[in-house]
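Every chain is numbered from 1 and lettered A, B, ... according to where its sequence line falls, protein lines coming before strand lines.
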Number of protein chains: 2
Amino acid sequence: MAEDSTILIVDDEAAIRDVVGITLDLAGFDTIKAANARDAHVSIIDQKPDLVLLDWMLPGGSGIELARRLRRDEVTSNIPIIMLSAKASEDNKVQGLNEGVDDYVTKPFSPRELVARIKTVLRRVNAKQRDSHESVLQVFDLELDPTSHRVTIKDKLVDMGPTEFRLLKFFLQNQEKVFNRDQILNLVWGANVYLEERTIDVHIRRLRKALSKVSGTSINYAKLIQTVRTAGYRFSIRST
Amino acid sequence: MAEDSTILIVDDEAAIRDVVGITLDLAGFDTIKAANARDAHVSIIDQKPDLVLLDWMLPGGSGIELARRLRRDEVTSNIPIIMLSAKASEDNKVQGLNEGVDDYVTKPFSPRELVARIKTVLRRVNAKQRDSHESVLQVFDLELDPTSHRVTIKDKLVDMGPTEFRLLKFFLQNQEKVFNRDQILNLVWGANVYLEERTIDVHIRRLRKALSKVSGTSINYAKLIQTVRTAGYRFSIRST
DNA sequence: CAAATATGTGACAATAATGTTACCGGGGAG
DNA sequence: CTCCCCGGTAACATTATTGTCACATATTTG
């Protein structure tokens, strides 16, 4: 699984920036670098990294200051921070945790450890957000259960690929509304992908086929996914 | 027997923290340190120590306060607490025990005594959990008995490692729900481990293999552990 | 009706995700 | 101390899925 998370590295030593940067690049992260607190602040507002690696010992004590500021600011307060420090001082550590820093890595560190800690922090943060129970989406006898990650029609399992699952979920959440292919690409695949628009047609096809395979139903669920010529697709329980 | 328990030391005096820390490290415990109640709280949430060593006399009476808070909080209420105190006042002791503190050690204390008391408390707590009858989990002819730490299929013993046992127990307690690898790491291994996600796949494999080895059953129990591509794993009695 | 445009459909190769095996190192038991 | 078990990881094998193309079919336009 690719780590598409973006990490901001803040350190005044170019050497450290490079080493850390290469390490994280290899681990599959996107990286941004900043040499001082001011640049870092700009970058954070600009790029919204998923995590900040912050040198404790920035000139003028600006490292800890930045951490404090990030915590206070509404926009950045939930971006996890990992502190880098030249030496393992318990006092630093305690103070850091006090400022809401999420973890603490002392230099010198192994690339392994650094990557591991980053992953752990990201995991912890994500886990917190992910505990919310999503409810079952349903239309007539069709049910999509995000929790068990299953689609059933009259309790019979519907077999489909991951993309079709996401697509169906999207349609169930946005019925009666037409989406053009651009929108579907953005909303189901996410921004920052470049794909042929026709790709969508193929997945629509696959989804329809999956829904059709289920026997013993009076309703043709594939028909609920309607083609709106020149405009896109629409999921609707009303006939065309 | 190895003490892999983690002890959180809360004391405002660095000297005490160090002495106690070294003592416990030598005794084979993992230690975390905190200087004040606030740090301690963060650490507890974060690291889930197995026991808290808490100085009674934290500035502002925050020691006793922290103890109270930990007892009230659902998540921390079953973490045992040992109080450290400068002098043995019967009043303090009574009050402490009132707050649900598990034991009481007066400074100065010998390393021997401290370690002994910690072990005693941990043993007591573990015993309590052992006695509290966790019910046998079962699915068809498969039974997992948390008390005897055994898994059987049709009364035939299923041989598996400790990790596989915990994994199976987790799945039996959370059926029909998909968990991604992040979640499984958090919920089965704990929040503070740095592991490759692929490690899970290997343990899944080992668990499936263990379940398959049992002969003379119409049901393939290994199949109950289902792979949900791109989403994780799911334990389910329904066919995929 | 023919041309032009849009969507449906099946096949295919590249890729990503998972299954599987083997190895290494640490730690307890003897 | 050595042996053995176990957990974690890397390396390789296998499988499912993805995106794209080429062509078929349908709809619109003039």
Side-chain angles (χ1 to χ4, degrees), chain A residues 1-4 26-28 110-113 115-116 119-120 149 151 158-168 178-182 184-185 188-190 192-213 220 222-223 225-234 240, chain B residues 1-5 27-30 149 159-168 178-182 184-185 188-190 192-213 220 222-223 225-234 240:
Chain A
M1 170 202 224
E3 303 283 354
D4 54 354
L26 286 177
S110 69
R112 240 192 103 68
E113 181 192 357
V115 172
K119 285 187 179 175
T120 301
H149 215 272
V151 177
V158 185
D159 186 40
M160 65 181 71
T163 304
E164 285 69 45
F165 184 86
R166 277 183 292 135
L167 195 54
L168 177 58
V178 177
F179 295 92
N180 64 37
R181 293 173 176 73
D182 262 347
I184 295 175
L185 227 37
V188 177
W189 273 259
N192 70 8
V193 290
Y194 174 67
L195 294 180
E196 290 294 325
E197 296 202 330
R198 295 304 309 280
T199 298
I200 289 167
D201 300 57
V202 177
H203 282 286
I204 291 280
R205 153 79 173 146
R206 287 170 180 161
L207 178 51
R208 281 173 174 159
K209 192 189 260 181
L211 294 173
S212 301
K213 269 187 194 156
N220 184 346
K223 289 269 173 69
I225 301 169
Q226 300 166 352
T227 304
V228 184
R229 202 158 226 264
T230 73
Y233 294 97
R234 168 182 55 202
T240 353
Chain B
M1 166 210 218
E3 301 288 352
D4 55 352
S5 301
F29 294 102
D30 291 334
H149 224 261
D159 185 39
M160 67 180 71
T163 304
E164 284 69 43
F165 182 86
R166 277 183 295 134
L167 195 54
L168 178 57
V178 172
F179 295 92
N180 64 37
R181 293 172 176 74
D182 271 356
I184 294 175
L185 273 186
V188 177
W189 272 260
N192 46 5
V193 293
Y194 313 135
L195 294 181
E196 290 294 324
E197 297 199 334
R198 292 305 308 280
T199 298
I200 290 167
D201 299 54
V202 178
H203 282 285
I204 291 280
R205 153 81 172 143
R206 288 169 180 161
L207 178 51
R208 280 174 175 160
K209 193 189 256 181
L211 294 173
S212 300
K213 269 186 192 157
N220 184 347
K223 289 267 173 71
I225 301 169
Q226 300 166 354
T227 303
V228 184
R229 206 158 232 260
T230 73
Y233 293 99
R234 168 182 57 202
T240 82

Between [X] ([atom1]) and [N] ([atom2]), how many Å, whole number?
| X | N | atom1 | atom2 | answer |
| --- | --- | --- | --- | --- |
| His203(A) | dA11(C) | NE2 | P | 17 Å |
| Glu197(B) | dA16(C) | CD | C1' | 14 Å |
| Leu195(A) | dA14(C) | CG | P | 18 Å |
| Leu207(A) | dT9(C) | CG | P | 13 Å |
| Lys209(B) | dA22(C) | NZ | P | 8 Å |

- Residue closer to the 5' end of DNA chain D, Val202(A) versus Pro162(B) (nearest nucleotide):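 Whichever sits nearer the 5' end wins; that is Pro162(B).
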Residue list, side-chain hydrogen bond (donor to acceptor under 3.5 Å, both in side chains) with [X], at least two apart or on another chain:
| X | value |
| --- | --- |
| His203(A) | Glu164(A) |
| Glu196(A) | none |
| Thr199(B) | none |

Please write out each protein N/O paired with an N/O of nucleotides 1-8 of chain C under 3.5 Å, distance rounded to 0.1 Å.
unit_1 : atom_1 : unit_2    : atom_2 : d
dA6(C) : N3     : Arg229(A) : NH2    : 3.4
dT7(C) : OP1    : Thr230(A) : N      : 2.8
dT7(C) : OP2    : Arg181(A) : NH1    : 3.3
dT7(C) : OP2    : Arg181(A) : NH2    : 3.3
dT7(C) : O5'    : Arg181(A) : NH2    : 3.4
dG8(C) : OP1    : Arg208(A) : NH1    : 2.7
dG8(C) : OP1    : Thr227(A) : OG1    : 2.6
dG8(C) : OP2    : Tyr233(A) : OH     : 2.6
dG8(C) : N7     : Arg198(A) : NH2    : 2.7
dG8(C) : O6     : Arg198(A) : NH2    : 3.0

Using chain A heavy atoms and a threshold of under 4.0 Å, write down where along DNA chain D the contacts begin and end, 5' to 3'.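 Going 5' to 3' along DNA chain D, contacts run dT9(D) to dT27(D).
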Residues two or more places apart in sequence or in another chain: which of them pass ring pair (Phe, Tyr, Trp, His ring centres under 6.0 Å) with Tyr233(A)?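 Ring pair (Phe, Tyr, Trp, His ring centres under 6.0 Å) check on Tyr233(A) returns nothing, list empty.
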On a heavy-atom basis, which atom in [X] and which in [Y] lie closest, and how many Å separate them?
| X | Y | answer |
| --- | --- | --- |
| Arg208(B) | Ala222(B) | O-CB, 3.5 Å |
| Leu168(A) | Leu211(A) | CD2-CD2, 4.5 Å |
| Asn220(B) | Ser212(B) | OD1-OG, 4.3 Å |

Using a 4.0 Å heavy-atom cut-off, does Thr199(A) contact any base of the nucleic acid, only the sugar-phosphate backbone, or nothing at all?
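The residue Thr199(A) makes base contact.
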Q. Using a cut-off of 4.0 Å on non-hydrogen atoms, how would the nucleic acid contact of Glu164(A) be classed: base, sugar-phosphate, or nothing?
A.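 Sugar-phosphate only.
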So, using side chain to side chain contact (heavy atoms under 4.5 Å, CB included) as the criterion, who are the partners of Thr230(B) when residues are at least two apart?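 Residues passing side chain to side chain contact (heavy atoms under 4.5 Å, CB included) with Thr230(B): Pro162(A).
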Item to complete: Identify, with sequence neighbours excluded, every residue that meets salt bridge (charged side-chain N to carboxylate O under 4.0 Å, His left out) alongside Arg166(B).
Response: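 Arg166(B) satisfies salt bridge (charged side-chain N to carboxylate O under 4.0 Å, His left out) with no residue once adjacent residues are dropped.
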Salt bridge (charged side-chain N to carboxylate O under 4.0 Å, His left out) with Arg206(A): which residues, sequence neighbours excluded?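 Residues passing salt bridge (charged side-chain N to carboxylate O under 4.0 Å, His left out) with Arg206(A): none at all.
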Reported CD1-to-CG distance for the pair Ile200(A) and Asp182(A), which is rounded to 0.5 angstrom:
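Rounded to the nearest 0.5 Å, the CD1-CG separation comes out at 7.5 Å.
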For DNA chain D, the dot-bracket notation using Watson-Crick and G-U wobble pairs below 3.5 Å, [ ] for pseudoknot-type crossings and | for other-strand pairs, is ||||||||||||||||||||||||||||||
